[in-house]
K.L.:
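Here it is: the structure, laid out below.
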Amino acid sequence: MSTMTICLIIFALMVIGFFIKQLPMSFTSMAVLVALVLTGCVEAKTALGAFGSSTVVTMVSMFIVAAGLSRTQMINHLSKLLLKVTGGSFTKVLASYVVVTCILGQFIPSIVALFALVCPLVQNMCEEMKISPSKMMYPIAIASVSCSFIIEPIGPYAAWYVTQNGYMESYGWTATQLNMWSETSVLLPVGLMTILLAIFVVPRFLPDEPDVPTTMVAGRALKKQEPLSPVREFLGYGIFIAVIVCLMLGFSSWKVTLIGAIAVVFSGVLTEREAIDNMNMSTVLLYVGVTVLGEGLSQTGAAEMLGNWIAGVLSGVSNGYVIGAAFYIVAFIMTSLLYNRAVTTVLVPLTVITCGSMGCDPRGPIILCALASMSSLITPLSTAVVPMAMNAGGYSAKTVFKVGLIPGILRGALGVLIAMTLFPAFG
């Protein structure tokens with residue numbers, strides 16, 4: 001059996017492993033790495049080298065820097081300020097919580113934790129104001145899933161562009177690169193539109209009373225910590241701003257972020273234990289395994305064969321907007337049936353391979369895959385937030401499917417228009 005065939009089999013098993021979720025994706029990714037080395041698809045030094053790449057250093061360091069900002073009182077201050085706008089009208093109440101959820105979503109790395117944090121507050125407000133939770137919970141779910149991480153430089157995924165550039169390089173595309181504002185340029189305007197949809201449009205299509213009995217969502221309490229001293233609070237803001245400014249000025253990303261991570265711990269903004277806990281090693285291991293698989297697919301010729309096959313489906317298509325829409329639709333449907341993070345992990349390499357075979361820029365389609373994974377809330381399979389919202393709001397599967405199509409379609413239309421205009425498929 002040729003190494004190309006073996007590599008394709010390993011790739012298929014990885015996809016299956018991601019979707020059946022018997023093992024965490026990070027461990028599945030590591031199993032893939034080991035299998036590639038043992039079967040001779042990649043050399044051991046290639047696999048081990050992936051752990052020390054500049055991309056991995058940047059990812060880990062930026063996670064720590066972002067955690068340092070989250071350790072400050074910025075989130076509490078913003079929450080208190082925005083909650084003051086809560087008045088007696090339903091629209092004002094909903095708008096306040098949607099905006100608060102969106103702001104918190106730029107800092108809290110888990111959308112499940114975010115929804116679980118905000119949901120009990122919304123439930124209590126509904127009881128006090130005698131507002132049906134069925135009119136508020138789904139808009140909050142949309143804000144949690146679709147409006148989190150839309151400002152890339154300040155969120156827990158601040159190194160997203162570095163990761164995607166690493167994927168593109170691993171899968172043979174070096175002509176163009178993403179920068180720290182590329183994803184934001186698409187997700188921010190789409191996110192702002194989504195906020196308006198969640199406040200003014202979506203509630204009109206939700207039932208006045210729950211379809212099924214509601215249940216309380218137990219808040220996933222975030223660890224309560226004593227506020228930082230004024231000096232460390234200032235340093236938390238200052239280090240983060242300094243890192244962002246240096247990145248914007250074009251300094252080496254891994255050097256800047258690593259210095260920033262060291263400064264966060266040295267200054268006492270985070271303890272050593274807190275810094276280690278926020279390295280997000282599951283994401284790192286997932287990235288390393290998938291990257292090494294990219295090396296295997298490339299070295300054995302499997303990547304070229306896969307790209308040619310998928311490109312054949314879009315053969316003759318020269319309209320970049322059609323290409324972008326195709327990737328969005330595929331990612332949206334897959335997310336509806338599977339798990340959003342697994343879908344993007346699988347689709348990004350295939351997107352780069354396919355675009356490379358077609359000779360088109362993969363940046364727009366990559367961003368659209370990410371957008372689609374954040375837009376699909378029509379089934380409870382895409383993210384745990386959907387079943388949580390169904391329980392808290394008393395929604396039936398039919399209601400979720402019907403209402404979820406509205407933001408899903410509109411977000412896709414605007415996203416394709418912006419992404420494929422800013423990043424034309426054929427420059």
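One is the number of the first residue; the rest follow in order along the sequence.
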K.L.:
Taking side chain to side chain donor-acceptor pair (under 3.5 Å) as the cut-off, I'd like each qualifying pair that reaches into residues 417-427, sequence neighbours left out, listed once.
P.N.:
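Pairs touching residues 417-427 that pass the test: Y321-T421.
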K.L.:
Over all heavy atoms of both residues, which pair between V264 and G68 is shortest? Give the atoms and the distance, please.
P.N.:
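Residues V264 and G68, closest heavy atoms: CG1-CA, 4.1 Å.
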K.L.:
Quick one: list whatever passes side chain to side chain donor-acceptor pair (under 3.5 Å) with S132, sequence neighbours left out.
P.N.:
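Counting only residues at least two positions away or on another chain, S132 forms a side chain to side chain donor-acceptor pair (under 3.5 Å) with S134.
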K.L.:
For Q177, is there any backbone N or O sitting under 3.5 Å from a side-chain donor or acceptor partner on R363?
P.N.:
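A pair under 3.5 Å: yes.
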K.L.:
Using 0.5 Å steps for rounding, measure from the OG atom of S53 to the CE atom of M59.
P.N.:
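Atom-to-atom, S53:OG and M59:CE are 8.5 Å apart.
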K.L.:
To the nearest 0.5 Å, what is the distance between CD1 on I378 and OG1 on T335?
P.N.:
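The distance works out to 9.5 Å.
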K.L.:
Any side-chain heavy atom of F11 sitting closer than 4.5 Å to one from I16?
P.N.:
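With C-beta onward as the side chain, the pair stays apart.
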K.L.:
Quick check on F426: does its CZ atom have over 12 non-hydrogen neighbours (other residues, nucleotides or ligands) under 6.0 Å away?
P.N.:
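Yes, the 6.0 Å shell around CZ holds more than 12 heavy atoms from other groups.
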K.L.:
Quick one: side chain to side chain contact (heavy atoms under 4.5 Å, CB included) partners of A263, sequence neighbours excluded?
P.N.:
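For A263 the side chain to side chain contact (heavy atoms under 4.5 Å, CB included) partners, ignoring immediate neighbours, are I239.
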K.L.:
So, taking the atom named OG1 in T351 and the one named CD in Q164, what distance separates them when rounded to the nearest 0.5 Å?
P.N.:
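Result: 9.5 Å between the selected atoms.
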K.L.:
Can you sort out the partners of N319 under side chain to side chain donor-acceptor pair (under 3.5 Å), two or more places apart, ordered by chain and number?
P.N.:
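For N319, no residue satisfies side chain to side chain donor-acceptor pair (under 3.5 Å) once neighbours in sequence are set aside.
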K.L.:
Does the side chain to side chain contact (heavy atoms under 4.5 Å, CB included) test come out yes or no for V122 and F115, once each step is laid out?
P.N.:
CA-CA 10 Å; V122 177; F115 184 80; over 6 Å; no
K.L.:
Any donor-acceptor pair under 3.5 Å linking the side chain of N165 with the backbone of L178?
P.N.:
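Yes: the side chain of N165 pairs with the backbone of L178.
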K.L.:
Does S61 have any side chain to side chain donor-acceptor pair (under 3.5 Å) partners at least two apart in sequence or in another chain, and if so, which?
P.N.:
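Expected list: none.
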K.L.:
Between P365 and F327, what is the shortest heavy-atom contact and its length?
P.N.:
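Nearest pair, atom of P365 first, then F327: CB-CD1, 3.6 Å.
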K.L.:
For residues 398-409, tabulate all N or O donor-acceptor pairs below 3.5 Å that involve a side-chain atom, not counting sequence neighbours.
P.N.:
from, atom 1, to, atom 2, distance (Å)
T399, OG1, D211, OD2, 2.6
T399, OG1, S396, OG, 3.2

K.L.:
In sequence, state the C-alpha distance, the side-chain angles, and the governing distance for V288 and V56, and then conclude on side chain to side chain contact (heavy atoms under 4.5 Å, CB included).
P.N.:
CA-CA 8 Å; V288 169; V56 169; 3.9 Å; yes
K.L.:
Considering only heavy atoms from C-beta outward, does the side chain of S375 approach that of F332 to under 4.5 Å?
P.N.:
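Contact flag for S375/F332 side chains = yes.
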K.L.:
Please tell me if the side chains of T101 and C147 come closer than 4.5 Å, counting only heavy atoms from C-beta onward.
P.N.:
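Not touching, per the 4.5 Å side-chain cut-off.
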K.L.:
Let me confirm one number: the CG-CD distance from L36 to E295, rounded to the nearest 0.5 Å.
P.N.:
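The distance works out to 10.5 Å.
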K.L.:
Which atom pair, heavy atoms only, marks the closest approach of T383 to P387?
P.N.:
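Answer, listing the atom of T383 first, then P387: O-CD, 3.2 Å.
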K.L.:
Which residues satisfy the side chain to side chain contact (heavy atoms under 4.5 Å, CB included) test with L228, sequence neighbours excluded?
P.N.:
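Only R71, T72, R232, E233, V269 meet the side chain to side chain contact (heavy atoms under 4.5 Å, CB included) criterion with L228.
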K.L.:
Are M30 and L286 close enough that some pair of their side-chain heavy atoms sits under 4.5 Å apart?
P.N.:
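No. Closest side-chain heavy atoms not under 4.5 Å.
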K.L.:
So which pairs with a foot in residues 345-366 pass ring-ring contact (aromatic ring centres under 6.0 Å, His included), sequence neighbours left out?
P.N.:
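For residues 345-366, and leaving out neighbouring residues, there are no ring-ring contact (aromatic ring centres under 6.0 Å, His included) pairs at all.
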K.L.:
Is there a side-chain contact between P362 and M168 in this structure, where contact means two heavy atoms from C-beta onward sitting under 4.5 Å apart?
P.N.:
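Result yes, sub-4.5 Å side-chain heavy-atom pair found.
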K.L.:
Within the supplied structure, the quantity of interest is the number of heavy atoms (other residues, nucleotides, ligands) at a distance under 6.0 Å from W254 CH2; does it exceed 12?
P.N.:
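No, CH2 of W254 has 12 or fewer neighbouring heavy atoms, counting only those of other groups under 6.0 Å.
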K.L.:
Determine, step by step, whether V265 and T271 satisfy the side chain to side chain contact (heavy atoms under 4.5 Å, CB included) criterion, reporting the C-alpha distance in whole Å, the side-chain angles of both residues, the deciding distance to 0.1 Å, and the verdict.
P.N.:
CA-CA 6 Å; V265 177; T271 65; over 6 Å; no
K.L.:
Which side-chain N or O atoms in residues 136-143 pair as donor and acceptor under 3.5 Å with protein atoms at least two apart or in another chain?
P.N.:
from, atom 1, to, atom 2, distance (Å)
Y138, OH, L377, O, 2.8

K.L.:
Distance-only check: which donor-acceptor pairs under 3.5 Å involve side-chain atoms of residues 189-204, not counting sequence neighbours?
P.N.:
from, atom 1, to, atom 2, distance (Å)
T194, OG1, V190, O, 2.7
T194, OG1, R411, NH1, 2.7
R204, NE, F200, O, 3.1

K.L.:
Heavy atoms only: give me the nearest C102-I150 pair and the separation to one decimal.
P.N.:
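Reported closest heavy-atom pair: SG-CD1, 4.2 Å.
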K.L.:
Show the nearest heavy-atom pair for residues C7 and G296, with the distance to one decimal.
P.N.:
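It is SG-C, 3.5 Å.
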K.L.:
So, for W173 and D361, which heavy atoms are closest and what is the spacing to 0.1 Å?
P.N.:
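Minimum heavy-atom contact is CZ2-CA, 3.8 Å.
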K.L.:
Keeping the roles fixed (side chain from Q106, backbone from I151), state whether a donor-acceptor pair exists under 3.5 Å.
P.N.:
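Checking the backbone N and O of I151 against the side chain of Q106, a donor-acceptor pair under 3.5 Å is found.
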K.L.:
If we ignore hydrogens and angles and just use 3.5 Å, is the side chain of T379 paired with the main-chain N or O of S336 as donor and acceptor?
P.N.:
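Checked: pair present.
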K.L.:
Do M14 and S29 come close enough that some side-chain heavy atom pair is under 4.5 Å?
P.N.:
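Side chain of M14 against side chain of S29, heavy atoms only: no contact under 4.5 Å found.
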K.L.:
With F423, which residues qualify under ring pair (Phe, Tyr, Trp, His ring centres under 6.0 Å), at least two apart?
P.N.:
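F423 satisfies ring pair (Phe, Tyr, Trp, His ring centres under 6.0 Å) with no residue once adjacent residues are dropped.
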K.L.:
Check the surroundings of atom CD in Q299: do more than 12 heavy atoms from other residues, nucleotides or ligands lie under 6.0 Å from it?
P.N.:
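Above 12, so yes.
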K.L.:
Keeping S376 on the side-chain end and S373 on the backbone end, is there a donor-acceptor pair under 3.5 Å?
P.N.:
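It does not hold such a pair.
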K.L.:
Could you grab the distance from atom CE of M62 to atom CG of N278, nearest 0.5 Å is fine?
P.N.:
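One gets 12.5 Å once the value is rounded to the nearest 0.5 Å.
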K.L.:
Taking side chain to side chain contact (heavy atoms under 4.5 Å, CB included) as the definition, give me every residue that meets it alongside S148, ordered by chain and number, with sequence neighbours left out.
P.N.:
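Per chain and number, S148 pairs via side chain to side chain contact (heavy atoms under 4.5 Å, CB included) with I111, L114.
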K.L.:
Give, for atom CG of L69 and atom CD1 of I64, the distance between the pair rounded to the nearest 0.5 Å.
P.N.:
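The distance works out to 14.5 Å.
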K.L.:
Quick check: does any side chain N or O of E169 sit under 3.5 Å from a backbone N or O of G166, one acting as donor and the other as acceptor?
P.N.:
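Absent.
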K.L.:
Should S229 and F234 be marked as a side chain to side chain contact (heavy atoms under 4.5 Å, CB included) after you check the CA-CA gap, both sets of side-chain angles, and the distance that decides it?
P.N.:
CA-CA 9 Å; S229 66; F234 174 79; over 6 Å; no
K.L.:
Check whether any side-chain heavy atom of Y161 sits under 4.5 Å from a side-chain heavy atom of E183, and report yes or no.
P.N.:
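Side-chain contact under 4.5 Å: no.
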